[in-house]
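Per chain, numbering begins at 1; letters A, B, ... match sequence-line order. This one's a predicted model, so the numbers in the text were calculated from it and none came from an experiment.
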Protein chains: 4
Amino acid sequence: MVDAILQASARVLLKHGYAGMSTNVVAQQAGVSIGSLYQYFPNKASLLTALHNRHAEQMAQSIEAILAAPGGHGLRGEVVRLVRAAMAAHEMEPELHRQLEKERPFFESPTDEPGLSGDIHRHILRLLQEHPDVVAHSDLALAAWMTMRMTESLVHTAVLHPPHDLDAVRIEAAIVDAIHAFLTYPRAG
Amino acid sequence: MVDAILQASARVLLKHGYAGMSTNVVAQQAGVSIGSLYQYFPNKASLLTALHNRHAEQMAQSIEAILAAPGGHGLRGEVVRLVRAAMAAHEMEPELHRQLEKERPFFESPTDEPGLSGDIHRHILRLLQEHPDVVAHSDLALAAWMTMRMTESLVHTAVLHPPHDLDAVRIEAAIVDAIHAFLTYPRAG
Amino acid sequence: MVDAILQASARVLLKHGYAGMSTNVVAQQAGVSIGSLYQYFPNKASLLTALHNRHAEQMAQSIEAILAAPGGHGLRGEVVRLVRAAMAAHEMEPELHRQLEKERPFFESPTDEPGLSGDIHRHILRLLQEHPDVVAHSDLALAAWMTMRMTESLVHTAVLHPPHDLDAVRIEAAIVDAIHAFLTYPRAG
Amino acid sequence: MVDAILQASARVLLKHGYAGMSTNVVAQQAGVSIGSLYQYFPNKASLLTALHNRHAEQMAQSIEAILAAPGGHGLRGEVVRLVRAAMAAHEMEPELHRQLEKERPFFESPTDEPGLSGDIHRHILRLLQEHPDVVAHSDLALAAWMTMRMTESLVHTAVLHPPHDLDAVRIEAAIVDAIHAFLTYPRAG
DNA sequence: GATGAATGAGGGTTCATTCAT
DNA sequence: TATGAATGAACCCTCATTCAT
């Protein structure tokens, strides 16, 4: 029942946005009475929260799986996995993701949400520490933050607002290049 | 009067979001009767549109001014100006900008307004063409798109969701580094 | 509940007309919340429609009953029944009837509902055909239309705008006379 | 200016009904400022009243002219003139007339204004008195009232809701017949 | 637990009317 | 006198939430 409600919520949210998402309509679409909906969810906002959490979990699983998968070696291999993980996560239910994000960002500053983005932040930090020879940064915290933001925002844009005249595969490669270039880029200071 | 209404709109929008922004409250905050509000704006959505347009114009002016200003030479100098322009634009009214972004899709055509972002895209393309010796890309369209997205999204995040433990100046430098590294990064293909 | 709402609608409609009939006031008068009103009626106009339909049904029943009742024989007897039926129908809720007539055109198709008036028209036609010896008309369609209009409009006026110095009984008799005279009146053509 | 306003009122009234007739729109259509409108008419209802009066005057003139015109002799000739006068009056601006009828009751005393209809009533009374030989009624007041109502309501219906399959000329003749039949119809009492 | 009829605060919007210019 | 910007009460309607069954 909870699941039917969440599915209906997602459907209605996508079609009409949060403001246009009526709890009565959600209940009806879920084939459930409005009373039952309120037995499982205290209010309208909690539908979004639940949807958000569910989606975050799915994304986390997908990301973990890809990050742990075998693949290219070295820093570049890690970056490739990172970007692939981000793309997979964003491609999961892109439109839902977008709506959800609108009301409550997924990737807030790492300290805010200890869950997903904290894990990723730690993963990236470890990754940078494990390749001291090629990473040209002294401030690893800053480098990790930049890496995470670049990954997230470039992938986000690439998946949700893809430029119609550019090839998806080449965009992905370009994102990997950008991150790798940033990490290994020798600078003055 | 139009201005008072728009200011009040911005204030209420920031505090309560679009759904929670009552036209009556906006009028009251503007010190204007609800009737007067509707004499200048045909409906609630038009408040957002006007706010958006005004903001876009201000941003465009700011960006143009900074891009045309004198400054460092060479590709890096250009990138610095680009990032500075983006930061200035985003710092203008960051929270308003964010809300506007959030609500826009439901009220306007999904196509990014071609004006501003088109101009910038062209500017970046020209910039890349003018530095063929250091730009390590053959597909300039892709490089320009990446440059624009990196600038926009990294600056956006840095301004609107700044990590509390990192220095703004160093973040700006890191963004410049990232873009410059991407542009000059020698790759296999 | 539907009935309480309709009764309140009728009351308010009579007092203030359609334009001055506020749905909130109707709900309040019905002892029902405005939300409940809108659970049973999709909008304000539908209140009128429902009122109209209910009234039309009641009138139809009353008319049928009287037309089928035993009574005087011959054409005159039929005309008496016809006029009595019309008077009973108009006396049912005369003021409501009047308001309903007034507002209807804006909400319904301009064609008179075929149900009631069509039935009566047919009834009259048959009636004329059954008394060929006394009916002095060759064009029965025209005669039927005139009969119906005379009945309706004379009764309407007599009931809704009765002249204060004339006796209702004698008016009814005069209406019967007029119709009977028209039907049996020998003319040149 | 007054005239421009009244013409615009009539136009808007016909198009949108009284409820949908906005004083601002009327002023605009009249090419006059809303302030000026309120300089000549104290409120919205007075527009209707003025329109009504103007229309009544025109009708009165038309009716008087036709009633005084030469024509057929005898009672039947008078009835013909009466019906012609009524038809001319109703055909003047039928739709405006209809709208005016619809809204009037809310703005005027329920007693028919003594002006026009009083005059006609007197005219009919005199007419009946002048033909004692053919008029088969002892209660002339009742006969006059019936004559007036028959004329008005039959003509009203014939002009404003003409049956599509009947000839206007024959309808007019039938109305004359009906009235004449009623007046000369010999009855028991 | 499940239901869904009932609630009513509150929302966007209109328009008759006023009054300073 | 003519103007029209300004007013704000009031309207129709929605929808998150409750609670008796």
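Salt bridge present: D/Glu95 and D/Arg98 bring a charged side-chain N and a carboxylate O closer than 4.0 Å.
Of the listed residues (A/Leu6, A/Thr23, A/Thr49), just one forms a side chain to side chain contact (heavy atoms under 4.5 Å, CB included) with A/Phe41, and that residue is A/Leu6.
For the pair A/His16 NE2 and F/dT14 C1', the interatomic distance rounds to 14 Å; values are reported in whole Å. Following rounding to the nearest Å, C/Leu37 (CG) and E/dA5 (P) show an atom-to-atom distance of 15 Å. Atoms CD (B/Gln28) and P (F/dA6) sit 18 Å apart, rounded to a whole Å. Rounded to an integer number of Å, the gap from D/Tyr40 OH to F/dT1 C1' is 7 Å. Across the protein-nucleic acid pair, D/Met1 atom CE and F/dT1 atom P stand 10 Å apart, rounded to whole Å.
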Report task. Could you provide the dot-bracket string of DNA chain F, using ( ) for intrastrand pairs, [ ] for crossing pairs and | for bases paired to another strand, with Watson-Crick or G-U pairs below 3.5 Å? Result -> .||||||||||||||||||||

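Using modelled atom types and a 3.5 Å distance limit, the side chains of B/Glu57 and B/Asn53 yield no donor-acceptor pair.
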Query raised in the report: Base, backbone or nothing for each nucleotide of nucleotides 12-21 of chain E, written B, S, -, heavy atoms under 4.0 angstrom, 5' to 3'?
Result: BBBBBBB---

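Counting only distance, with no hydrogens or angles, the side chain of D/Ser62 and the backbone of D/Gln58 share no donor-acceptor pair below 3.5 Å.
Distance check, rounded to the nearest 0.5 Å: CG of A/Leu51 to CD of A/Gln99 gives 10.5 Å.
Distance from the side chain of D/Ser33 is smallest for F/dA2 among the nucleotides E/dA5, F/dA5, F/dA2.
Note on C/Phe41: nothing from the nucleic acid sits closer than 4.0 angstrom, heavy atoms only.
In A/Gln28, the CD atom is not crowded: 12 or fewer heavy atoms of neighbouring residues, nucleotides or ligands sit closer than 6.0 Å. Heavy-atom neighbours of B/Glu91 CD from other residues, nucleotides or ligands within 6.0 Å: above the threshold of 12.
Note on ring orientation: taking the six-membered ring where Trp is involved, the planes of D/His90 and D/His156 are perpendicular (angle over 60°, cut-offs 30° and 60°).
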